[in-house]
Colleague: 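Quick one: the structure is below, and I'll ask about it shortly.
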Amino acid sequence: MSSQFRNELIASAAEQLSRDYCCGANDFLGLENKVTLARVETGRRVFRDQPDFFKAATMGHCAVISSASEMLEFSSELASKYSGAEIFDQKRIWLINRKLADYNKAIAVSNIFYLPATPYKYAAKDGFRFRFYEEAEIVSELYPIGGFNNALMYRAGGARRDVLAVCAFNGRRIVGMAGASSDSPRFWQIGIDVIPEYRGMGVGSELVSALTQAVFMHGAVPYYGTWSGNIASQNTARRAGYYPVWSEINAFDIE
């Protein structure tokens, strides 16, 4: 892996996170934790219309916490007491959830996000035919099929939508699909689905690798997200040449 390529992508990730967390890019690369008031920034990753009530991210050293005004005092105390990594420990998650319960919220998302080590790892799997789909083709040809909810959001409108996909065919049957969503103008997230009887054959990692190259060719940065318990997804990322770059936690309403 080229160190220049790695450094450029890490810098791009820090810049993207700065828009998501209302801070500077260098705030993710330093050693001191930072707390910001959550607000809607231009160029952020669009997961919801309103500012997040509480979320935190770390790229391995410090953590940045972005929260609503109600959580600012608590967030500042948390940031002053614990290191960036410690904030993501389950003991600290318990403390956070105890505070969030006052607002009928809890940490519901704890993800690890990955970046590719190289843009050119793609090699088609023997015996399978790959086909790429642009945005309009996804809507007209893939949405009617259904059943690939990890690869596609089935959302054609708004800022965050399905913009690129690749399918693996065995004959005329789709056995796997990877899709990219436009989470922000610069960062497109890759999701993957492989039907059960074709799992474990390397189809998923080859689809991710193929879509990675295509996303770069569209001028965006591909990234991959999973949660700590999804070992199969983590292995798919690793086999496709991805490596972990940052972790995030996010609070949602308790259902």
Side-chain angles (χ1 to χ4, degrees), residues 5-21 25 28 40-49 55 57 59 109 111-122 130-143 148-168 176-194 204-227 230 233-234 236-248 250:
F5 178 79
R6 179 188 179 107
N7 291 339
E8 287 177 354
L9 279 195
I10 289 176
S12 294
E15 175 61 30
Q16 179 61 64
L17 289 170
S18 74
R19 297 175 182 270
D20 301 335
Y21 283 79
F28 281 96
V40 173
E41 289 278 356
T42 302
R44 77 194 191 284
R45 288 175 298 157
V46 183
F47 298 122
R48 62 174 87 180
D49 295 332
K55 65 181 179 182
M59 296 185 74
V109 177
N111 286 332
I112 304 170
F113 290 100
Y114 299 74
L115 289 174
T118 172
Y120 304 115
K121 192 177 181 293
Y122 169 56
F130 282 17
R131 180 189 165 186
F132 290 89
Y133 295 79
E134 297 288 339
E135 188 171 349
E137 296 171 311
I138 293 172
V139 175
S140 63
E141 299 183 43
L142 298 185
Y143 279 8
F148 291 90
N149 296 313
N150 291 315
L152 299 177
M153 298 185 301
Y154 294 93
R155 184 185 304 157
R160 186 174 184 242
R161 60 197 189 278
D162 297 309
V163 289
L164 192 62
V166 58
C167 294
M177 183 188 302
S181 60
S182 57
D183 290 1
S184 77
R186 183 84 192 280
F187 270 64
W188 292 4
Q189 184 171 183
I190 292 178
I192 180 72
D193 273 305
V194 177
S205 58
E206 296 299 340
L207 283 167
V208 171
S209 180
L211 192 57
T212 296
Q213 182 177 353
V215 170
F216 274 123
M217 292 176 67
H218 279 69
V221 175
Y223 77 114
Y224 186 101
T226 185
W227 52 282
N230 195 342
S233 183
Q234 293 173 36
T236 296
R238 177 181 53 81
R239 287 192 296 266
Y242 278 68
Y243 63 99
V245 175
W246 78 92
S247 294
E248 287 188 75
N250 205 320

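All values reported here derive from a predicted model rather than from experimental measurement. For the single chain, residues carry numbers from 1 onward in sequence order.
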Colleague: Within the distance-only criterion (no hydrogens, no angle test), does the side chain of Asp162 pair as donor or acceptor with the backbone N or O of Tyr154 below 3.5 angstrom?
Modeller: yes
Colleague: Short question: side chain of Ser181, backbone of Leu152 - any donor-acceptor pair under 3.5 Å?
Modeller: no
Colleague: Any side-chain to backbone donor/acceptor pair from Gln16 onto Gly43? Under 3.5 Å, distance only.
Modeller: yes
Colleague: Which heavy-atom pair separates Thr236 from Gly204 by the least distance, and what is that distance?
Modeller: CG2-C, 3.9 Å
Colleague: How many angstroms lie between atom OG1 of Thr118 and atom CD of Gln213, to the nearest 0.5 angstrom?
Modeller: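 With rounding to 0.5 Å, OG1 (Thr118) is 9.0 Å from CD (Gln213).
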Colleague: Where is the tightest heavy-atom contact between Asp193 and Ala151, given as atom of each residue plus distance?
Modeller: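 Shortest heavy-atom contact: OD2-N, 2.8 Å.
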Colleague: Would you say that Glu248 contacts Leu17 through its side chain, given a criterion of any heavy-atom pair below 4.5 Å between the two side chains?
Modeller: yes
Colleague: Are Leu142 and Tyr133 close enough that some pair of their side-chain heavy atoms sits under 4.5 Å apart?
Modeller: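 In contact.
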Colleague: Give, for atom CD of Glu41 and atom OG of Ser184, the distance between the pair rounded to the nearest 0.5 Å.
Modeller: 13.0 Å
Colleague: What is the minimum heavy-atom distance between Ser205 and Ala240, and which atoms define it?
Modeller: O-CB, 3.5 Å
Colleague: Please check this pair: side chain of Glu134 against backbone of Ala165, looking for a donor-acceptor N/O pair closer than 3.5 Å.
Modeller: no
Colleague: Nearest 0.5 Å, what's the CZ-CE distance between Phe132 and Met217?
Modeller: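 Those atoms lie 8.5 Å apart.
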Colleague: In Å and rounded to the nearest 0.5 Å, what is the CD1 to CG distance from Ile190 to Asn150?
Modeller: 13.5 Å
Colleague: Ring-plane angle category for Trp246 and Phe113, please: parallel below 30°, perpendicular beyond 60°, tilted otherwise.
Modeller: parallel
Colleague: Mind checking side chain to side chain contact (heavy atoms under 4.5 Å, CB included) for Leu9 and listing every partner two or more places apart, or none if nothing turns up?
Modeller: Phe5, Leu115, Pro116, Phe216, Val221
Colleague: Could you tell me which non-hydrogen atom of Ser182 sits nearest to which non-hydrogen atom of Trp188, and how far apart they are?
Modeller: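 Reported closest heavy-atom pair: CA-CD1, 3.7 Å.
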Colleague: CG of Asn7: more than 12 outside heavy atoms within 6.0 angstrom?
Modeller: yes
Colleague: In Å and rounded to the nearest 0.5 Å, what is the CE to OH distance from Met153 to Tyr143?
Modeller: 6.5 Å
Colleague: Of the non-hydrogen atoms in Val109 and Asn111, which two are nearest, and what is the gap between them?
Modeller: CG1-ND2, 3.1 Å
Colleague: Considering all heavy atoms of both residues, which atom of Ala214 and which atom of Leu164 are nearest to each other, and what is their separation?
Modeller: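 What the structure gives for the nearest pair is CB-CD2, 3.7 Å.
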Colleague: Nearest 0.5 Å, please: how far is OH in Tyr242 from CD in Gln234?
Modeller: 15.0 Å
Colleague: If only atom types and distance count, is the side chain of Ser209 paired as donor or acceptor with the main-chain N or O of Glu206 below 3.5 Å?
Modeller: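 No, Ser209 side chain to Glu206 backbone: no donor-acceptor pair under 3.5 Å.
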Colleague: Within the distance-only criterion (no hydrogens, no angle test), does the side chain of Asp20 pair as donor or acceptor with the backbone N or O of Arg45 below 3.5 angstrom?
Modeller: yes
Colleague: For a side chain to side chain contact (heavy atoms under 4.5 Å, CB included) with Pro222, tell me which candidate from Val208, Leu211, Thr212 qualifies.
Modeller: Thr212
Colleague: Looking at Phe187, does the NZ or CZ of Arg19 lie under 6.0 angstrom from its six-membered ring centre and within 45 degrees of the ring axis?
Modeller: no
Colleague: Would you call the rings of Tyr114 and Tyr224 parallel, tilted or perpendicular, taking 30° and 60° as the class edges?
Modeller: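 If you compare the ring of Tyr114 with that of Tyr224, the planes turn out perpendicular.
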Colleague: Kindly state each residue pair satisfying salt bridge (charged side-chain N to carboxylate O under 4.0 Å, His left out) with at least one member in residues 180-190, sequence neighbours excluded.
Modeller: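 Found Arg160-Asp183.
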Colleague: Taking only Lys NZ, Arg NE, NH1 and NH2, and the carboxylate oxygens of Asp or Glu, determine whether Glu135 and Arg161 approach each other closer than 4.0 Å.
Modeller: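 Here Glu135 pairs with Arg161 in a salt bridge, since their nearest N and O are under 4.0 Å apart.
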Colleague: Side chain to side chain contact (heavy atoms under 4.5 Å, CB included), that's the test. Do Lys55 and Tyr21 meet it? Break it down for me.
Modeller: CA-CA 8 Å; Lys55 65 181 179 182; Tyr21 283 79; 3.4 Å; yes
Colleague: Where the side chain of Ser12 meets the backbone of Glu8, is there a donor-acceptor pair that is under 3.5 Å apart?
Modeller: yes
